Student: 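Structure in structure tokens, see below.
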Amino acid sequence: QVQLVESGGGLVQAGDSLRLSCAASGRIFNINHMGWYRQAPGKQRDLVALITSGDTTTYADSVKGRFTISRDNAKNTFYLLMNSLKPEDTAVYYCNADITSYGGSGYYTDNYWGQGTQVTVSS
């Protein structure tokens, strides 16, 4: 069974940096595209950054130039480096990935979510 486990959230001050990690485990054959989403209280979950299997990246306008998404295929882990954090970046951050796994009957591709990690930026 495939799982995504996030780490790296916390409480920081405006202008600080944080790096979130998302480690995938299980019978993984290939991790396709990966993304980070965030959800602030009372708001919908929005895409923050996306990286494809070909390393093409996409960012929300609000984080362009401040956040960087990357992946380490050897570790089945991807990251979100967040610089120059602002109070409006406060949210629960979720990782998401399309993963092809294998089992007794063959290969399966499904979409997975991490459990979420809280990021709080104080002014």
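Predicted, not measured: the structure shown is a model, and the values here were computed from it.
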Student: Does T90 reach the main-chain N or O of V121 with its side chain, forming a donor-acceptor pair under 3.5 Å?
Tutor: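 Yes: the side chain of T90 pairs with the backbone of V121.
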Student: Identify whether V92 and F67 are in the same connected component of the hydrophobic contact network (ILVMFWY, side-chain heavy atoms under 4.5 Å).
Tutor: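 No, it is not one cluster - the side chains of V92 and F67 are not joined through contacts under 4.5 Å.
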Student: Just to verify, what does S70 make a side-chain contact (heavy atoms from CB on, under 4.5 Å) with, not counting sequence neighbours?
Tutor: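 Partners of S70 by the side-chain contact (heavy atoms from CB on, under 4.5 Å) criterion, ordered by chain and then number, come out as Y79.
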Student: Scan for side-chain hydrogen bond (donor to acceptor under 3.5 Å, both in side chains) pairs involving residues 1-29, sequence neighbours excluded, and state none if there are none.
Tutor: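 Qualifying pairs, neighbours excluded: S17-N83.
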Student: side-chain contact (heavy atoms from CB on, under 4.5 Å) with S62: which residues, sequence neighbours excluded?
Tutor: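 Expected list: R38, A60.
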Student: Start with the C-alpha distance between M82 and V12, add both sets of side-chain angles, then the distance that settles side-chain contact (heavy atoms from CB on, under 4.5 Å), and finish with yes or no.
Tutor: CA-CA 11 Å; M82 305 183 293; V12 297; over 6 Å; no
Student: Before giving the answer on side-chain contact (heavy atoms from CB on, under 4.5 Å), spell out for Y102 and N30 the whole-Å C-alpha distance, their side-chain angles and the decisive distance to 0.1 Å.
Tutor: CA-CA 9 Å; Y102 60 91; N30 188 56; over 6 Å; no
Student: Check the hydrophobic clustering (I, L, V, M, F, W, Y; side-chain heavy atoms under 4.5 Å; chains of links allowed) and say if V119 and Y59 are grouped together.
Tutor: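 Yes, it is one cluster - the side chains of V119 and Y59 are joined through contacts under 4.5 Å.
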Student: Could you tell me whether D61 and K64 make a salt bridge, using a distance below 4.0 angstrom between a side-chain N and a carboxylate O?
Tutor: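 Result for this pair is yes, salt bridge flagged.
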Student: Find out if a path of hydrophobic residues (ILVMFWY) with successive side-chain heavy-atom gaps under 4.5 Å connects V5 to L20.
Tutor: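 No, no single cluster joins them.
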Student: Listed by chain and number, what are the ring pair (Phe, Tyr, Trp, His ring centres under 6.0 Å) partners of F78, not counting sequence neighbours?
Tutor: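 Scan of F78 (ring pair (Phe, Tyr, Trp, His ring centres under 6.0 Å), adjacent residues dropped) gives W36.
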Student: Scan residues 103-123 for pairs that pass ring-ring contact (aromatic ring centres under 6.0 Å, His included), counting only residues two or more places apart or in two chains.
Tutor: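 Pairs touching residues 103-123 that pass the test: F29-Y107, Y37-W113.
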Student: Do you reckon L81 sits in the same ILVMFWY cluster as V48, going by side-chain contacts under 4.5 Å, direct or chained?
Tutor: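 No, L81 does not connect to V48 through the hydrophobic network.
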Student: With K43, which residues qualify under side chain to side chain donor-acceptor pair (under 3.5 Å), at least two apart?
Tutor: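 In terms of side chain to side chain donor-acceptor pair (under 3.5 Å), with neighbours along the sequence ignored, K43 is linked to no residue.
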Student: Check for me, please, whether L50 and Y93 land in the same ILVMFWY cluster - side-chain distances under 4.5 Å, paths through other members count.
Tutor: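 L50 and Y93: separate clusters.
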Student: Please examine the side chains of R71 and I31, heavy atoms only from C-beta on, and report whether any two atoms are closer than 4.5 Å.
Tutor: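 The answer is yes, as the side chains (C-beta and beyond) meet within the 4.5 Å cut-off.
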